[in-house]
Amino acid sequence: MAYRKLEDHGWIEARPQSGYYVKRRAWREPPEPQITAPPARTTPVNMGDMVVKILRDGMRGDVVPLGAAVSGTELLPVKQLSRLAGMIARRSPVAASSYDPSPGHEPLRVQVARRAMEAGCALSPDDIVTTTGSQEAMGLCLRAVAKAGDTIAIESPTYYGLLQQIEVLGMRALEIPMHPRDGVSLEALELALDREAVKACLFVTNFNNPLGCSMPEENKQRLVKMLDRRGIPLIEDDIYGDLPHDGPRPGTCKMYDETGNVMLCSSFSKTLAPGYRVGWCAPGRWREQVTRLKLYTTLATATLPQMAVAEFLANGGYEHHLRKVRRMYAEQVSRAREAVCKYFPPGTKATSPKGGFVLWVELPGGVDSLELHERALKERISIAPGPIFSATMRYRNFVRLNCGYTWSDRIEGAMKRLGEMVGEMGA
Ligand SMILES: Cc1ncc(COP(=O)(O)O)c(C=O)c1O
């Protein structure tokens with residue numbers, strides 16, 4: 001416990017299979033942002049054209065990629081997956097090009113269940129439905145438990161893709177305060193649930209996007225109990241759970257679910273290849289509904305990518321690959337935090353993610369991140385401005401920085417330039 005506190009405050013660091021060491025650092029840790037304070041009322045979601053434009057800008061090939069939360073392809077096993085896909089297509093041309101209707105490709109479900117079991121979460125292949133990414137998984141889960149006009153409790157800030165799902169389904173959002181290290185404030189959530197008729201909670205429990213924070217295991221257990229007692233389902237997005245920077249994989253709320261009230265969603269977009277669009281969910285007691293919704297809407301997830309991912313999980317060295325990328329993401333997030341300290345004006349704050357590859361930065365002096373986004377784009381640097389992470393367009397003086405690419409002079413230069421712009425705008 002004492003070690004954990006010292007580690008949290010940046011005085012010591014854990015080295016794998018070695019122990020704790022006093023941290024040597026040539027730069028001072030940035031202070032962390034405060035717990036968030038969104039409005040305590042439900043709101044319709046209307047992300048509008050501006051967000052679509054910002055997202056497109058973030059995906060442009062000619063910008064320094066600090067916007068969209070994606071990894072550099074050099075970190076992903078792209079060649080290996082292509083080789084596997086080619087081999088499978090030659091070996092089983094009929095299977096690879098036929099429908100594999102919902103609940104989806106069985107060998108993939110076997111592998112997902114095996115990995116979940118190894119991580120302490122008792123799932124069987126029959127509990128799992130494969131999907132086109134985690135995004136579809138969450139949409140299906142939302143539709144299984146709520147309808148237009150219903151309120152969904154979300155983290156504030158949260159991943160904009162979740163806001164878009166809520167928007168297209170005509171649902172309403174209730175933003176819940178977030179602690180920069182521990183995630184959802186359970187005290188604030190309890191108060192909100194007493195006040196509002198919430199139909200479901202939709203939380204990213206590990207290394208979330210955009211804060212990079214995780215719920216402590218004890219909070220996960222409390223959350224599961226709280227929602228179970230109230231009969232409110234939890235849709236849990238664990239897309240970054242395989243990417244701790246150090247130490248073991250964190251648990252999921254699903255691990256503590258005894259009644260089928262937790263609907264766990266994830267995908268291989270952040271670990272293997274976003275373009276394969278291979279995701280899954282374990283929808284607990286809504287399994288039948290989710291399987292049918294998937295069947296009625298898209299019938300099946302693309303077969304060949306599912307086969308390739310299943311093969312990679314079975315024989316491709318997924319654990320070995322994870323060890324490599326975890327180290328890389330740890331390094332890249334650390335370099336980005338260091339660059340914030342070096343180049344951004346005093347008063348800048350940043351989160352301290354222990355996994356994943358995004359960093360949330362609070363700009364000093366009321367600097368407007370939408371304006372910073374426009375300015376940066378003119379110099380071919382993309383960032384994700386704070387308001388796209390909120391149903392109420394809050395966080396105007398925050399940005400999310402993607403740390404998914406191998407650190408380079410180009411990225412260092414872009415961080416320096418961003419820091420200068422923030423300085424100019426705040427002056
Ligand atoms: C928290 C979170 N959930 C879901 C997604 C989308 O995942 P997928 O590509 O599996 O649909 C992302 C992508 O950035 C994300 O950050």
Side-chain angles (χ1 to χ4, degrees), residues 47 51-52 54-59 65-73 75-76 81 104 108 112 128-142 152 154-168 173 178 183-184 201-215 234-243 250 252-253 263-282 294 297-298 301-302 305-306 309 325 329 333 351 353 355-360 382-384 386 388-391 400-405:
M47 302 294 285
V51 176
V52 175
I54 290 172
L55 300 187
R56 290 217 171 106
D57 290 341
M59 304 245 180
L66 301 173
V70 287
S71 312
T73 43
L75 296 182
L76 300 176
L81 281 168
L108 176 62
V112 169
I128 292 160
V129 180
T130 68
T131 59
T132 304
S134 184
Q135 187 81 1
E136 186 191 34
M138 286 179 294
L140 293 170
C141 290
L142 277 171
I152 310 299
I154 53 166
E155 299 162 326
S156 182
T158 195
Y159 167 55
Y160 47 75
L162 308 189
L163 293 169
Q164 290 167 330
Q165 289 278 346
I166 292 173
E167 176 177 341
V168 292
M178 289 286 280
V184 174
C201 293
L202 177 48
F203 296 153
V204 185
T205 49
N206 290 318
F207 315 126
N208 88 346
N209 176 2
L211 296 178
C213 62
S214 297
M215 285 185 110
L234 170 63
I235 304 172
E236 178 180 28
D237 179 4
D238 184 43
I239 194 168
Y240 294 98
D242 274 347
L243 296 174
T252 54
C253 288
M263 311 170 88
L264 176 63
C265 303
S266 190
S267 83
F268 297 95
S269 291
K270 306 297 170 187
T271 50
L272 292 181
Y276 275 49
R277 309 301 301 124
V278 174
W280 56 273
C281 61
K294 168 77 188 171
T297 48
T298 56
T301 305
Q306 289 190 81
V309 170
V325 289
Y329 294 144
V333 170
T351 51
F357 50 81
V358 295
L359 184 66
W360 183 243
S382 76
I383 55 165
I388 67 174
F389 299 93
S390 160
R400 186 200 67 187
L401 298 176
N402 173 45
C403 312
Y405 281 75

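Every number for a ligand or one of its atoms is a count from 1 in the order of the listing. Please read these numbers as outputs of a predicted model, since none were measured by experiment.
- Ligand 1 places these atoms under 4.0 Å from at least one heavy atom of Arg277: 8 (P), 9 (O), 11 (O).
- Between Thr132 and ligand 1, no N or O atom pair is found at a separation short of 3.5 Å.
- Closest protein heavy atom to atom 13 (C) of ligand 1: Lys270 NZ, 2.9 Å.
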- Step-by-step side-chain contact (heavy atoms from CB on, under 4.5 Å) determination, Leu359 to Thr351: CA-CA 6 Å; Leu359 184 66; Thr351 51; 3.8 Å; yes
- Message: Run Asn208 and Glu155 through side-chain contact (heavy atoms from CB on, under 4.5 Å) and show every step you take.
- Response: CA-CA 9 Å; Asn208 88 346; Glu155 299 162 326; 3.5 Å; yes
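- Contact detail for Pro65 and Asn402: the closest heavy-atom pair is O-ND2, 3.0 Å.
- The distance between the ring centers of Tyr405 and Phe357 does not fall below 6.0 angstrom.
- Assignment of Phe268 to the shell around ligand 1 is not supported, since no heavy atom sits closer than 4.0 Å.
- For ligand 1, the atoms lying closer than 4.0 Å to a non-hydrogen atom of Gly133 are 10 (O), 11 (O).
- Among protein heavy atoms, the minimum distance from atom 6 (C) of ligand 1 is reached at Tyr159 OH, 3.7 Å.
- Note: Tyr160 and Phe389 have tilted aromatic rings, judged against thresholds of 30 and 60 degrees for the angle between ring planes.
- Taking only non-hydrogen atoms, the option from Asp238, Asp237, Ile239 nearest to atom 3 (N) of ligand 1 is Asp237.
- The minimum heavy-atom distance linking Thr301 with Arg277 is given by the pair CG2-O, 4.2 Å.
- The parts of Ser134 lying near ligand 1 are both backbone and side chain, judged by heavy-atom distances below 4.0 Å.
- In plain terms, the two heavy atoms of Tyr329 and Gly404 that are nearest each other are CE2-O, 3.9 Å.
- Ligand 1 places these atoms under 4.0 Å from at least one heavy atom of Tyr240: 1 (C), 14 (O), 15 (C), 16 (O).
- By the 4.0 Å heavy-atom criterion, Glu136 is excluded from the residues contacting ligand 1.
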